[in-house]
Amino acid sequence: MRDSSEWKPTSYRTHTIDQVARNGEKLVGTKVTVAGYAETVRGRGAICFLMLRDGTGKIQAFLKKDNMDEELFDSIQSATRESTIQVTGKVAMKRAPKVAEGDPVPPPEFEVNVESGDILAHADTPLPLGVTDDVRVGLDVRLDNRHLDVRRSHVNAMFQLRSKVLQYGREHLISEGFQEINSPKIIAAAAEGGTNLFPMKYFETDAYLSQSPQLYKQLAVLGGLERVFEIGPAFRAEKHDTYRHLNEFVSFDIEGAWMDDEDVMGVQERMIHHIWTRVLENDQALIGAVNEYRASQGNDPIQVTVPELPFPRIPYCEAIEIVKSGGGEIEWGDDIESHHCDIIAAKYPGFHFIPRWPMSMKPFYIHHKDEEKGSSGGQLSRGFDLNYGRDEMTSGGAREHRVEVLEQNLRDVGLDPGDFTFYTDGFRYGAPPHAGWGLGVARLLMVLTGAGNVREVVLFPRDRSRVTP
RNA sequence: GCCCCGAUGGUGUAGUGGCCUAUCAUGCAGCCCUGUCGAGGCUGCGACCCGGGUUCAAAUCCCGGUCGGGGCGCCA
């Protein structure tokens, strides 16, 4: 769980629960105040055991009727599960549990001998979902009650891992000289075409929610910010309903000047390598919490295996051949669909790049070189994807920096360059060649945590049929 | 947008026309016991998504609705 060793006391507690549990030996006899959720309340009569849990750990509070106010004793003893309770008392060594002959004696544990306390907030019964119950809960019930779901240790661990992934990713990009930016999410025109946008009213004007920071991060680079990244939301009004799609998702985006597609693939694989390495070094406790739950459900444990560098590159033309030889029906110029990815994934199960897509399948801002053609003569682009198994993680590429080519590309896909002057004007006064990518944070998390659904790793997911909570 | 599937106590489930005043687990309430520790023992509480239809008889079959799940397309 969280490392709270450096946390300061607050108005409600002198110590976090983990601080007491971890330093019990030093604290024996010391009066402490802790607060947490009542995980279990056992005992009826003269003594009572209250298992308290906060965001850092668990500890048993021991209550004896003789040692405290009788009314308080009764109210805590009859408190409902998940009520929040504050207790004050001296730290003591717990009596060792009975263990069967030959079983190892567990390490010493500590508890709080309660002298006073307070019920901070009472929990209704029954709980919509049990925080510690030994029953499966459907995803929909969990999402409707996410505030309780997140109290479950493996769910809590997943969201701590999410925070770590963002932290380590930032850490790495900053080490390579990228600076964090924020681009507008309210925009006037389609950024890329293709996907549907959510329309909105911006005062008297029609506007949309941004589907991607793409054009803005390019403008930032054209403006001389050199290397930029953004972690922010993107919105797509697509009526999909799958384990890997949401209508609002967080995208990890970068853009760098004087770089091409190969250069930014390098940034990406180094970043993922760094994230995995750091998780492996620092966050085994979180992985352990996830695995404990997986074991209870009969699932294999997840393992953090740092991927080898460089990731395989399977150019589009080669990918088509792999699919064909694997029995898939596909022709040059076709999209590589999920069932095709299954064939490729059988050969390349981990992370792999698919560079050099046909220009006709990539957005107008992707760069191409006239001399790079596919086997059947079609124009190739400098756009690439990053896949893990069958799932697409990333889309990226070298960008078109020649304004006259950019405008032609717009016309080729049926867009009017006149609608994009806010963007194309950025290229008229000298433009560095540049490249970048966008990575789906939740999809990366799925790989790391073994989650079978993006909704597992998004706190309050927005899909086709869910806008609350 | 297309295709498939599902809805039973708070939660997760059993159930394929009469054996269902509906199973089991968990939960909740109460009692007993107890320095417990996945506590234990006993008693009790609580459900067939909504509307129509078929039938002597519907949780079960049919139609419509609502909500949900899975897959595809598209994408991150």
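Quick note: numbers below take in every heavy atom, side chains included, and nothing from hydrogens, waters or symmetry partners. In what follows, chains carry the letters A, B, and so on, assigned in the order in which the sequence lines appear, proteins first and then strands, with residues in each chain numbered from 1. Just so it is clear, the model here is predicted, and its values are computed rather than measured.
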Check nucleotides 5-15 of chain B against the protein and report each pair of N or O atoms closer than 3.5 Å, with its distance, or say if there are none.
residue: B:G10; atom: O2'; partner: A:L127; partner atom: O; Å: 3.3
residue: B:G10; atom: O2'; partner: A:P128; partner atom: O; Å: 3.3
residue: B:G12; atom: OP1; partner: A:G138; partner atom: N; Å: 3.0
residue: B:G12; atom: O4'; partner: A:R136; partner atom: O; Å: 2.8

>> Looking only at side-chain N and O atoms, does A:T394 offer a donor or acceptor that is under 3.5 Å from a partner on A:Q268?
In response: yes

> Do A:E400 and A:H367 have side-chain atoms, one donor and one acceptor, less than 3.5 Å apart?
Replying inline: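 Yes, A:H367 and A:E400 have a side-chain donor paired with an acceptor closer than 3.5 Å.
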
> Any donor-acceptor pair under 3.5 Å between the side chain of A:E111 and the base of B:G35?
Replying inline: yes

> Would you say the base of B:C28 and the side-chain of A:R81 have a donor-acceptor pair closer than 3.5 Å?
Replying inline: no

OP1 or OP2 of [N] less than 4.0 angstrom from a side-chain nitrogen or oxygen of [X], does that happen here?
X: A:R236; N: B:C75; answer: no
X: A:R42; N: B:G38; answer: no
X: A:S395; N: B:A76; answer: yes
X: A:R390; N: B:C75; answer: no
X: A:N453; N: B:G69; answer: no
X: A:S212; N: B:A76; answer: no

> Given B:C37, B:A76, B:G1, which nucleotide is nearest the side-chain atoms of A:R464?
Replying inline: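 Of all the options, the side chain of A:R464 is nearest to B:G1.
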
> Which nucleotide sits closest to the side chain of A:S338: B:C28, B:C72, B:U36?
Replying inline: B:C72

> Among residues 156-174 of chain A, which residues get a heavy atom nearer than 4.0 Å to RNA chain B?
Replying inline: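 Going residue by residue through residues 156-174 of chain A, none turns out to have a heavy atom under 4.0 Å of RNA chain B.
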
